[in-house]
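Single-structure report; data block below.
Within every chain, numbering begins at 1; the chains are lettered A, B, ... in the order of the sequence lines, protein sequences first and strands thereafter.
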2 protein chains.
Amino acid sequence: MQLKNHVEWALHCCSVLASLPDGERIPAKLLAELHGIPREYLSKALQALSTAEIVSGTLGPNGGYRLARAPSEISFLDIVEAVEGKGCTFVCTEIRDNMPCAEKPPSKGKKRRPCAVARVMYDADEAWRSHLRSVTLADLAKTVEKEVPLRVLKGNAKWLAANLDR
Amino acid sequence: MQLKNHVEWALHCCSVLASLPDGERIPAKLLAELHGIPREYLSKALQALSTAEIVSGTLGPNGGYRLARAPSEISFLDIVEAVEGKGCTFVCTEIRDNMPCAEKPPSKGKKRRPCAVARVMYDADEAWRSHLRSVTLADLAKTVEKEVPLRVLKGNAKWLAANLDR
DNA sequence: TGTATTACGGATAAATAATATCCGTAAAAG
DNA sequence: CTTTTACGGATATTATTTATCCGTAATACA
């Protein structure tokens, strides 16, 4: 079981967008070049983020992507769920119903309590999501600023500025 | 991202094995019939559990599987990792290295600290594992005993006994 | 000693999902 | 009117999951 690499790309792209001066936008092409990843495929991830209203895309020259809201209002979970979906990592196929002596499936309308095995797995899933929910892009930006050498930060910012220049 | 259904099968099989009278064993064939799942494929999951020394398999007539240690000593994480692997759900491909101005990869021998994005994902992964680690088969058995109707529990036990009978 | 039973592991096939590319459409800027 | 850009549909490629088949070895029992 592995998250798709869309998740990694989306997170890094959002990280870049989080430190973008107000009013600026970055086209998908540049985000792809910046990270050395395939442009067309990255677009799909960005579109997913757009649908989830985490980033906002603008058409036309000078168009591109920016965050749709403040970095402090965007959690890792928002991003992960946008590209990976909200489905639980564990899917219960109710194999208890296949046992020779099974409980009757619930009369219509009523929902049965999930089986004990599934509940443990759901709780674990929620622990995962809960941690992702607790970290925002603002937190990430703070960490990055603290531990990435200034030379690197400035170098990349300069490259971006040069390539945004039009 | 989804766990493979081997995980569900393995958990339910272990749950059954946990309430098996001492000295008894259940062959893969019966475990498959009991849950209505494909026998040959289930075997792979059981073999994985065997390799991880969670269950122990015995050859020959009257052979089959039993738990390799006490239910209280087997956590959900043990089972999940046996079947699904121990790899983290997030794999960092170090796309930071592709940026125009990257930190130098570490001189041989030294490991760089994982990037800030990856660390958050790793922590979330650990939160997931940590919860799975905290629940054992003994806990599961207690829950099941409490909430599954006696009629169902006994019915299935009877079916098993009848089919183990030889 | 022979026969049935069973785990184990290799090989392979089929189905599904992840990864990737291509292209047409529409919107915006100049 | 031309260029740039997001958006979305269609399709190809590759990897993983799901599933089956079969040969080997060990064990119990007659």
Check: residues 34-57 of chain B side-chain donor-acceptor pairs under 3.5 Å, at least two apart:
| from | atom 1 | to | atom 2 | distance (Å) |
| --- | --- | --- | --- | --- |
| B:His35 | ND1 | B:Leu31 | O | 2.9 |
| B:Ser43 | OG | B:Arg39 | O | 3.3 |
| B:Thr51 | OG1 | B:Gln47 | O | 3.0 |

Extract all donor-acceptor atom pairs below 3.5 Å that involve side chains of residues 8-22 of chain B and protein atoms in other chains or at least two apart in sequence.
| from | atom 1 | to | atom 2 | distance (Å) |
| --- | --- | --- | --- | --- |
| B:Glu8 | OE1 | A:Thr93 | N | 3.4 |
| B:Glu8 | OE1 | A:Thr93 | OG1 | 2.7 |
| B:Glu8 | OE2 | A:Thr93 | N | 2.8 |
| B:Glu8 | OE2 | A:Thr93 | OG1 | 3.2 |
| B:Ser19 | OG | B:Val16 | O | 3.2 |

Would you be so kind as to tabulate the donor-acceptor pairs closer than 3.5 Å made by side chains of residues 136-144 of chain B, with sequence neighbours excluded?
| from | atom 1 | to | atom 2 | distance (Å) |
| --- | --- | --- | --- | --- |
| B:Thr136 | OG1 | B:Ala138 | N | 3.2 |
| B:Thr136 | OG1 | B:Asp139 | N | 3.2 |
| B:Thr136 | OG1 | B:Asp139 | OD2 | 3.2 |
| B:Asp139 | OD2 | B:Thr136 | N | 2.9 |
| B:Thr143 | OG1 | B:Asp139 | O | 3.1 |

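Protein atom CG of A:Leu30 is 12 Å distant from nucleotide atom C1' of D:dT4, rounded to whole Å. Atom CD of A:Glu24 is separated from atom C1' of D:dT5 by 16 Å (rounded to the nearest Å). Per the geometry, CD belonging to A:Gln47 stands 16 Å off P belonging to C:dA26, to the nearest Å. Separating the CG atom of A:Leu164 from the C1' atom of D:dT5 is a distance of 13 Å, rounded to the nearest angstrom. Taking atom CG of residue B:Leu31 and atom C1' of nucleotide C:dC8, one finds them 16 Å apart after rounding to whole Å. B:Arg66 has its CZ atom 14 Å from the C1' atom of C:dA7, to the nearest Å. Nucleotide C:dA7 holds its P atom 11 Å from the CG atom of B:Leu17, rounded to whole Å. Rounded to whole Å, atom P of C:dC8 lies 10 Å from atom CZ of B:Arg25.
Under the 4.5 Å side-chain contact rule for hydrophobic residues, A:Leu132 and B:Val91 do not share a cluster. When hydrophobic clusters are built by joining Ile, Leu, Val, Met, Phe, Trp and Tyr residues whose side-chain heavy atoms come closer than 4.5 Å, directly or via intermediates, A:Leu3 is grouped together with A:Val135. The cluster map of Ile, Leu, Val, Met, Phe, Trp and Tyr, joined by side-chain heavy atoms under 4.5 Å apart, puts B:Leu67 and B:Leu59 in different clusters.
Applying the ring pair (Phe, Tyr, Trp, His ring centres under 6.0 Å) rule to pairs touching residues 59-99 of chain B yields nothing, sequence neighbours excluded.
Contact check for B:Arg119 versus B:Arg113: side-chain heavy atoms found under the 4.5 Å cut-off. Using a 4.5 Å heavy-atom cutoff, the side chains of A:Pro27 and A:Leu164 are in contact.
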Checklist outcome for this item: Under a 4.0 Å heavy-atom criterion, the protein footprint on nucleotides 12-25 of chain C, written with B, S and -, is ------SBBBBB--
Output a table of nitrogen or oxygen pairs between the protein and nucleotides 24-30 of chain D separated by less than 3.5 Å.
| from | atom 1 | to | atom 2 | distance (Å) |
| --- | --- | --- | --- | --- |
| D:dC29 | OP1 | B:Asn62 | ND2 | 3.4 |

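Phosphate proximity of D:dC7 to A:Ser50: present, with a side-chain N or O under 4.0 Å from OP1 or OP2.
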